[in-house]
Amino acid sequence: MSPPLNSDTSKTPRYTLPDTAMRRRFRRRLLGWYGKHARDLPWRHTRDPYRILVSEMMLQQTQVDRVLPKYEEWIQKYPSLKALASARPADVVRTWRPLGYNARPRRLHSIAREVMSQYGGELPSDEPTLRSFKGIGAYTAGAVQSFAFGRRAAIVDTNVARVLFRVFVGRGDRKSSLLKKHLWSLSAALLPRRNVFDFNQALMDIGATVCVARRPRCPDCPMSPICAAYPFDPDLEHGS
DNA sequence: CTCCTGTTTA
DNA sequence: TAAACAGGAG
């Protein structure tokens with residue numbers, strides 16, 4: 001009996017999905033934590049697809065505290081897709097200031113116009129159509145689907161990627177394309193049937209406030225008992 | 001997959 | 001000033 005020829009010597013991680021018990025523990029811990037520590041953000045009080053889209057496109061590039069006042073101003077000035085669609089491009093870009101990345105307000109504006117002219121003023125809810133808009137990629141499509149339409153859609157942004165990587169992978173290469181695929185699979189596998197909205201918001205929240213990139217606050221983290229990266233050692237997560 | 005864009009950080 | 005970042009485009 002020779003040893004298995006293909007026994008990888010722990011060099012290549014095998015990306016396996018957690019079983020149902022593990023998924024359940026993760027969800028319970030996450031939602032329990034969220035019940036106590038959720039941040040109160042204005043875009044969590046709406047299911048308006050337009051408002052969700054505005055907040056997500058702003059948050060793609062800018063931290064929450066800078067987005068907050070601009071989001072309010074924006075919604076005042078352009079309360080609906082229709083209002084935005086009829087605005088002049090120069091005004092739209094000016095209103096966006098000083099958030100920067102001016103391609104994004106232009107894309108948001110063109111989405112508004114396209115939705116008015118091609119989709120009867122209603123933002124579509126299906127993935128392929130959402131992704132057909134310039135400015136909506138995998139992350140934003142998932143966010144809009146789950147936050148605005150309550151669909152069971154996964155999200156992976158950098159916060160979520162970091163959390164899932166640490167809890168379920170723990171160490172190794174942070175930027176292989178296989179890993180990225182795996183994180184999307186994980187995010188989808190973990191999604192509860194109900195509470196999709198809260199679950200996805202909670203995932204991002206814990207990554208933004210506890211499981212942060214540098215000096216994660218493991219003592220405050222509900223995941224530490226089940227976390228593959230605990231106790232945290234920064235040297236164990238790196239590229240290549 | 002590589003490249004792109006402004007912004008932020010080393 | 002170079003490199004990292006973050007999500008998207010091609």
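Letters A, B, ... mirror the listed sequences (proteins, then strands); counts begin at 1. Basis for what follows: all heavy atoms, side chains included, without hydrogens, waters or symmetry-related copies.
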How close do A:F149 and A:P124 get, counting heavy atoms only, and between which atoms? CE1-O, 3.6 Å

What is the distance, rounded to the nearest whole Å, between atom CZ of A:R104 and atom C1' of C:dC5? 11 Å

With a cut-off of less than 4.0 Å, is there a side-chain N or O of A:T140 near OP1 or OP2 of C:dG8? yes

Is the shortest heavy-atom distance from the side chain of A:F168 to the side chain of A:F26 under 4.5 Å? yes

Check for a donor-acceptor pair, side chain of A:D205 on one end and backbone N or O of A:R39 on the other, with a separation under 3.5 Å. yes

Least distance between heavy atoms, A:I52 atom then A:T46 atom: CD1-O, 3.6 Å

With a strict under 4.0 Å distance from non-hydrogen atoms of chain A, what nucleotide opens and what nucleotide closes the contacted stretch of DNA chain B, reading 5' to 3'? B:dC1 to B:dA10

Give the rounded distance in Å between these two atoms: CZ of A:F165 and C1' of C:dA6. 18 Å

5′-ward residue of the pair A:R162/A:I136 relative to DNA chain C: A:R162

Under 6.0 Å from the ring centre and within 45 degrees of the ring axis: does the NZ or CZ of A:R27 meet both conditions for the six-membered ring of A:F199? no

Please say yes or no: joined through hydrophobic side-chain contacts below 4.5 Å, possibly via intermediate residues, are A:F133 and A:M116 part of one cluster? no

Applying a 4.0 Å non-hydrogen cut-off, can you work out what A:D157 is touching in the nucleic acid: base, sugar-phosphate, or nothing? sugar-phosphate

Tell me the interatomic distance from A:M204, atom CE, to C:dA6, atom P, rounded to whole angstroms. 14 Å

From CG of A:L183 over to P of C:dA6, roughly how many Å is that when rounded to an integer? 14 Å

Could you tell me the separation between the CG atom of A:L108 and the C1' atom of C:dG7, rounded to a whole number of Å? 15 Å

A:I111 atom CD1 is separated from C:dG8 atom P, nearest whole Å, by 10 Å

Starting at CG of A:L59 and ending at C1' of C:dG8, how long is that distance when rounded to a whole Å? 16 Å

Checking all strands, does A:Y139 fall into the base, sugar-phosphate, or nothing category for heavy-atom contacts under 4.0 angstrom? sugar-phosphate

Return the value, rounded to whole Å, for the distance between atom CG of A:L130 and atom C1' of C:dG7. 16 Å

Hey, are the side chains of A:M22 and A:D19 touching, using non-hydrogen atoms and a 4.5 Å cut-off? yes

Assert: residue with more 5' nearest nucleotide on DNA chain B, out of A:S177 and A:Q61, is A:S177

Base, sugar-phosphate alone, or nothing: which one does A:R66 contact when heavy atoms must sit under 4.0 Å apart? sugar-phosphate

Ranking A:R214 and A:A103 by the position along DNA chain B of their nearest nucleotide, the one closer to 5' is A:A103

What is the nucleic acid contact for A:T62, judged by heavy atoms within less than 4.0 Å: base, sugar-phosphate only, or nothing? nothing

